[in-house]
K.L.:
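Here it is, the structure in full.
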Amino acid sequence: MPQFPPVADQLALIRRGVEKIVPENELVPRLEQSYKTGTPLRIKYGIDPTGIDVHLGHTVPLRKIRQFQELGHQAVIIIGNYTALVGDPSGRDQTRARLTQAQVEENAKDYLKQVGKVVDLSRAEVVRNGDWFSSMSFLDILELCSKVTVAQLLTREDFAKRYAAEQAIFLHECLYPIMQAWDSVKIRADIELGGTEQLYSFMLARDLQREQGQPQQIGMMSPILVGLDGVRRMGKSLGNYIGINETPYDMMKKFMQIPDAVMRMYFELLTNRPLEEVNHLLAGHPKDAKIALAKDVIGEYHSATEATEAADRWQREISEKQTPEDIASASIARSELVNGALPAARLMVAAGLCATTSEARRTIAQGGACLGPNKDRIAAHDTQVTVETGLLLWAGKKRVVRIELAD
RNA sequence: GGGGGAAUUCCAGAGUGGUCAAAUGGACCAGACUGUAAAUCUGGCGGCUCAGCCUUCGCAGGUUCGAAUCCUGCUUCCCCCA
């Protein structure tokens, strides 16, 4: 019989960074029952393989799964290869584009590879909901649909909003939450993880489970992780994310750019650092707290050593503005030079630092163009610059290239 | 099927015959400040052989000395009625 940590200890871990547990009062009894009987809880997490580049926002529920795994519970990851064909309407004010089956399968493989960095896949059940949906008959579907009323569907905020705004709500979208709920029945979920926008589907799952004479699942919803801008949710399309496949240094740079105000949330949702320590850190200098945060997370996806290296490098190159160690080289053909030189504006374009000569002129006029390790400002757009291999050329504080002459 | 409305520079959104490369805000870029956080300030933000010139306001024509602005046709999008 599996041995679990005491319920109180489990709760401390489970509750961290969870915004809402519904219904709250069923959680403790469920854990106690599991503890007494030595039965692992079945933790459901579903995801539609829509071509996801996993970023920290996605890792919030994934880390929660991991925590449950550490406690000895059973993770069940549902690949929504069938629901992906529908398109999740959650939180959307527009209909989502649908995918082909081939795309979905490819995405699923890619996705699992990334998930494996957070979740212990060797101990998790991974299932595809096409396994049960693809064989359902129209009659089965009608049967399932008869459990849900239109009025219920319209209690969802996203649908209600779209309905009120007289925007299209397609029938297949209405089926989505029903499908998601049916997944819970099929895998006999005890707990489902997800974002706060999943409330409706979670509750629908309870209805269907009761219908089928199963214990009803408990929904645990994480808050939505805000992105680097500190305002909008972290997302690829918003360009405000940190991907888990990024290099330690890239992650470092991004972490140092987050607003101070989101540090607490990041610590809570993305690290295991005890909250007492977090409070202590946040009481100190924000820069130090941010470095600690970055190291915690980078260490998780890379290693503590690499995290420290990244932090040190950031300190040197960014904070102390030393010349970076990896400078992209820009090759320039000798034939472009006149007497071994080029006017500054042309050089900027040739080096790929500016898209147009107009842009280069502006950059130079505003004092953003510099030469060499000492960053000597280029005075005018028509200043003749002697071009040699190894020459450093800057555009602003961040962008720099090393010139390489080619024949 | 019938009726109405809209298409502007990255986005939003002004502009209804010359003073429009086109207000304003956002995004973005550069500079100052700083903990490359926030906030703030300054400048920029179609292109070029840059005190000038060229190309832009859904597409194609037309009217006019002159059009983003007026007319015609086309395309796309939205809304209303049934």
Side-chain angles (χ1 to χ4, degrees), chain A residues 56 93-95 97 162-169 225-242 249-267 270 278 281-297 310-327 336-338 341-371 375-384 393-401:
Chain A
L56 295 181
D93 43 16
Q94 276 183 6
T95 304
R162 273 160 65 177
Y163 189 69
E166 294 174 319
Q167 281 182 335
I169 301 173
L225 189 77
V226 297
L228 301 179
D229 53 28
V231 182
R232 296 171 301 177
R233 72 182 298 159
M234 184 175 282
K236 192 180 186 182
S237 58
L238 297 174
N240 61 353
Y241 70 103
I242 301 177
Y249 186 55
D250 283 340
M251 289 173 108
M252 190 71 208
K253 283 190 285 191
K254 289 188 179 180
F255 266 111
M256 295 311 283
Q257 282 180 48
I258 64 170
D260 292 353
V262 305
M263 281 197 283
R264 180 176 296 279
M265 182 191 219
Y266 275 39
F267 267 120
L270 303 176
V278 171
L281 276 169
L282 291 178
H285 195 295
K287 184 186 175 188
D288 298 331
K290 218 170 273 181
I291 290 172
L293 168 67
K295 281 170 142 181
D296 280 357
V297 178
D312 291 347
R313 185 171 160 198
W314 180 87
Q315 181 62 32
R316 284 195 308 274
E317 297 183 13
I318 307 292
S319 198
E320 291 163 20
K321 302 187 197 325
Q322 292 180 18
T323 303
E325 56 186 58
D326 64 334
I327 299 175
E336 285 188 56
L337 307 183
V338 179
L342 266 183
R346 287 191 162 285
L347 178 59
M348 301 283 288
V349 175
L353 288 172
C354 293
T356 63
T357 38
S358 295
E359 189 186 316
R361 277 169 178 250
R362 272 180 239 129
T363 307
I364 294 166
Q366 299 190 115
C370 301
L371 285 173
K375 305 190 83 173
D376 302 314
R377 262 188 192 173
I378 297 173
H381 69 87
D382 54 358
T383 300
Q384 289 291 322
L393 183 64
W394 301 77
K397 291 175 204 157
K398 304 166 200 165
R399 289 175 296 146
V400 59
V401 296

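A note on names: the letters A, B, ... follow the listed sequences, proteins ahead of strands, and every chain is numbered from 1.
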K.L.:
Do you know which two heavy atoms are closest between A:M348 and A:W394, and how far apart they sit?
P.N.:
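Here A:M348 and A:W394 meet closest at CE-O, 4.0 Å.
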K.L.:
Please report the distance, rounded to the nearest Å, between CD in A:Q315 and P in B:A37.
P.N.:
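Going from CD in A:Q315 over to P in B:A37 covers 13 Å.
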K.L.:
From A:K375 NZ over to A:C370 SG, what is the distance, rounded to the nearest 0.5 angstrom?
P.N.:
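The NZ atom of A:K375 sits 5.5 Å away from the SG atom of A:C370.
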K.L.:
Could you give the distance separating B:G47 and B:U56 at their P atoms, to the nearest angstrom?
P.N.:
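Result for the P pair: 15 Å, nearest Å.
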K.L.:
Under 4.0 Å between a side-chain nitrogen and a carboxylate oxygen: does that hold for A:R316 and A:E325?
P.N.:
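Yes, charged N to carboxylate O under 4.0 Å.
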K.L.:
Taking only N and O in the side chain of A:R264, is any of them less than 4.0 Å away from OP1 or OP2 of B:A37?
P.N.:
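Looking at the OP1 and OP2 atoms of B:A37, neither is under 4.0 Å from any side-chain N or O of A:R264.
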K.L.:
Where each residue is assigned the nucleotide of RNA chain B containing its nearest heavy atom, which of A:G396 and A:Q257 is assigned the position nearer the 5′ end?
P.N.:
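That would be A:G396.
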K.L.:
Contact class for A:A395 vs. all strands (heavy atom < 4.0 Å): base, sugar-phosphate, or nothing?
P.N.:
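Sugar-phosphate, backbone atoms only, no base.
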K.L.:
Identify the heavy atoms of A:A380 and A:I364 that sit nearest to each other, and give their distance.
P.N.:
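Minimum heavy-atom separation between A:A380 and A:I364: C-CG2, 3.6 Å.
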K.L.:
Rounding to the closest angstrom, what is the interatomic distance between B:A21 and B:C10 at atom C1'?
P.N.:
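These two C1' atoms come out 16 Å apart once rounded.
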K.L.:
Using atom P in both nucleotides, what's the gap between B:A68 and B:G61 to the nearest angstrom?
P.N.:
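After rounding to an integer number of Å, I get 15 Å for this pair.
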K.L.:
Do A:D288 and B:G35 have a side chain to base donor-acceptor pair shorter than 3.5 Å?
P.N.:
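Side chain to base: no pair below 3.5 Å.
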K.L.:
Under 4.0 Å from OP1 or OP2 of B:G44: is there any side-chain N or O of A:T363 that close?
P.N.:
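So the side-chain polar atoms of A:T363 never come under 4.0 Å of the phosphate oxygens OP1 or OP2 of B:G44.
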K.L.:
Would you mind telling me which of B:A37, B:G47, B:A32 lies closest to the side-chain atoms of A:K290?
P.N.:
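Of the candidates, B:A37 comes closest.
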K.L.:
Between B:A60 and B:A12, how far apart are the two C1' atoms, rounded to whole Å?
P.N.:
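Each nucleotide's C1' atom is 29 Å from the other's.
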K.L.:
Give a yes or no answer on whether the side chain of A:R377 reaches the backbone of A:G367 with a donor-acceptor pair at less than 3.5 Å.
P.N.:
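Yes.
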K.L.:
B:C48, B:G31, B:G35: which one has an atom nearest the side-chain heavy atoms of A:K287?
P.N.:
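For A:K287, the side-chain atoms sit closest to B:G35.
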K.L.:
Among B:C48, B:G31, B:C45, which nucleotide sits nearest the side chain of A:R362?
P.N.:
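Of B:C48, B:G31, B:C45, B:C45 is nearest to the side chain of A:R362.
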K.L.:
Let's test this: given Watson-Crick or G-U wobble pairing with both distances under 3.5 Å, identify the partner of B:C70.
P.N.:
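B:G62 - that is the nucleotide pairing with B:C70, both distances being under 3.5 Å.
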K.L.:
OP1 or OP2 of B:C50 less than 4.0 angstrom from a side-chain nitrogen or oxygen of A:R361, does that happen here?
P.N.:
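Yes.
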K.L.:
Could you walk me through whether A:D326 and A:R313 pass the side chain to side chain contact (heavy atoms under 4.5 Å, CB included) test, one step at a time?
P.N.:
CA-CA 11 Å; A:D326 64 334; A:R313 185 171 160 198; 2.4 Å; yes
K.L.:
Please report, rounded to the nearest Å, how far the C1' atom of B:G31 is from the NZ atom of A:K398.
P.N.:
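Distance, rounded to whole Å: 13 Å.
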K.L.:
Is the positively charged end of A:K254 above the ring of A:Y241, judged by distance under 6.0 angstrom from the centroid and angle within 45° of the axis?
P.N.:
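Yes, a cation-pi geometry.
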K.L.:
If we call it a pair only when both distances are under 3.5 Å in a Watson-Crick or G-U wobble match, what pairs with B:A6?
P.N.:
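B:U76 - that is the nucleotide pairing with B:A6, both distances being under 3.5 Å.
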K.L.:
Looking across every strand, which nucleic acid part, if any, lies under 4.0 Å from A:H285 by heavy atom: base, sugar-phosphate, or nothing?
P.N.:
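Base, at least one base heavy atom under 4.0 Å.
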K.L.:
Taking the P atom of each, how far is B:C11 from B:G73, in whole Å?
P.N.:
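Nearest-Å result for B:C11 against B:G73 at atom P: 29 Å.
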K.L.:
Taking OP1 and OP2 of B:U49, is either one under 4.0 Å from a side-chain nitrogen or oxygen of A:R346?
P.N.:
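It does, given that an N or O in the side chain of A:R346 lies less than 4.0 Å from OP1 or OP2 of B:U49.
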K.L.:
For B:G5 versus B:U24, give the span between their C1' atoms, rounded off to a whole number of Å.
P.N.:
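Nearest-Å result for B:G5 against B:U24 at atom C1': 24 Å.
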K.L.:
Could you check A:R377 against A:A355 and say which one's nearest nucleotide on RNA chain B is further toward the 5' end?
P.N.:
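The residue mapped nearer the 5' terminus is A:R377.
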K.L.:
May I ask you to verify whether the side chain of A:Q366 and the base of B:G43 hold a donor-acceptor pair under 3.5 Å?
P.N.:
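Donor-acceptor pair under 3.5 Å: yes.
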K.L.:
Do the side-chain N or O atoms of A:R399 get closer than 4.0 angstrom to the phosphate oxygens (OP1, OP2) of B:A30?
P.N.:
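Answer yes for this pair, as a side-chain N or O of A:R399 is under 4.0 Å from OP1 or OP2.
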K.L.:
So A:K253, base contact, sugar-phosphate only, or nothing? Heavy-atom distance under 4.0 Å.
P.N.:
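Nothing: the residue A:K253, judged by heavy atoms under 4.0 Å, touches no strand.
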K.L.:
What does A:P286 touch in the nucleic acid at a heavy-atom separation under 4.0 angstrom: a base, only the sugar-phosphate, or nothing?
P.N.:
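Base: the residue A:P286, judged by heavy atoms under 4.0 Å, touches a nucleobase.
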K.L.:
How close or far is atom C1' of B:A38 from atom CG of A:D229, stated in whole angstroms?
P.N.:
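Going from A:D229 (CG) to B:A38 (C1'), I get 13 Å.
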K.L.:
Taking B:A22 as the reference, what is the distance to B:U69 when you measure between their C1' atoms (whole Å, please)?
P.N.:
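Here B:U69 and B:A22 have their C1' atoms 12 Å from each other.
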K.L.:
Given atom CG of A:L293 and atom C1' of B:G35, what is their separation to the nearest angstrom?
P.N.:
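Those two atoms, CG and C1', are 15 Å apart.
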K.L.:
Which whole-number value in Å describes the distance from A:L282 CG to B:G35 P?
P.N.:
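Checked: the CG to P distance equals 19 Å.
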K.L.:
I need the CE-P distance between A:M256 and B:A38, as an integer number of Å.
P.N.:
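So the two atoms are 12 Å apart, to the nearest Å.
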K.L.:
Write down the atom of A:L353, the atom of A:R399, and the distance for their closest heavy-atom approach.
P.N.:
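Of all heavy-atom pairs spanning A:L353 and A:R399, the closest is O-NH1, 2.8 Å.
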K.L.:
Nearest whole angstrom, please: distance from the C1' of B:A30 to the CD1 of A:I364.
P.N.:
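Computing the A:I364:CD1 to B:A30:C1' distance gives 12 Å.
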K.L.:
Please give the distance between the C1' atoms of B:C71 and B:A67 as a whole number of Å.
P.N.:
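Looking at atom C1' only, B:C71 and B:A67 are 12 Å apart.
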K.L.:
Please tell me if A:T356 has a side-chain N or O lying less than 4.0 Å from either OP1 or OP2 of B:C48.
P.N.:
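Affirmative; the distance criterion is met.
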K.L.:
Can you check the A:K321 NZ to B:G35 C1' distance for me, whole Å?
P.N.:
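Answer to the nearest Å: 10 Å.
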K.L.:
Report yes if at least one side-chain N or O of A:S319 is closer than 4.0 Å to OP1 or OP2 of B:G35; otherwise report no.
P.N.:
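Checking A:S319 against B:G35: no side-chain N or O falls below 4.0 Å of OP1 or OP2.
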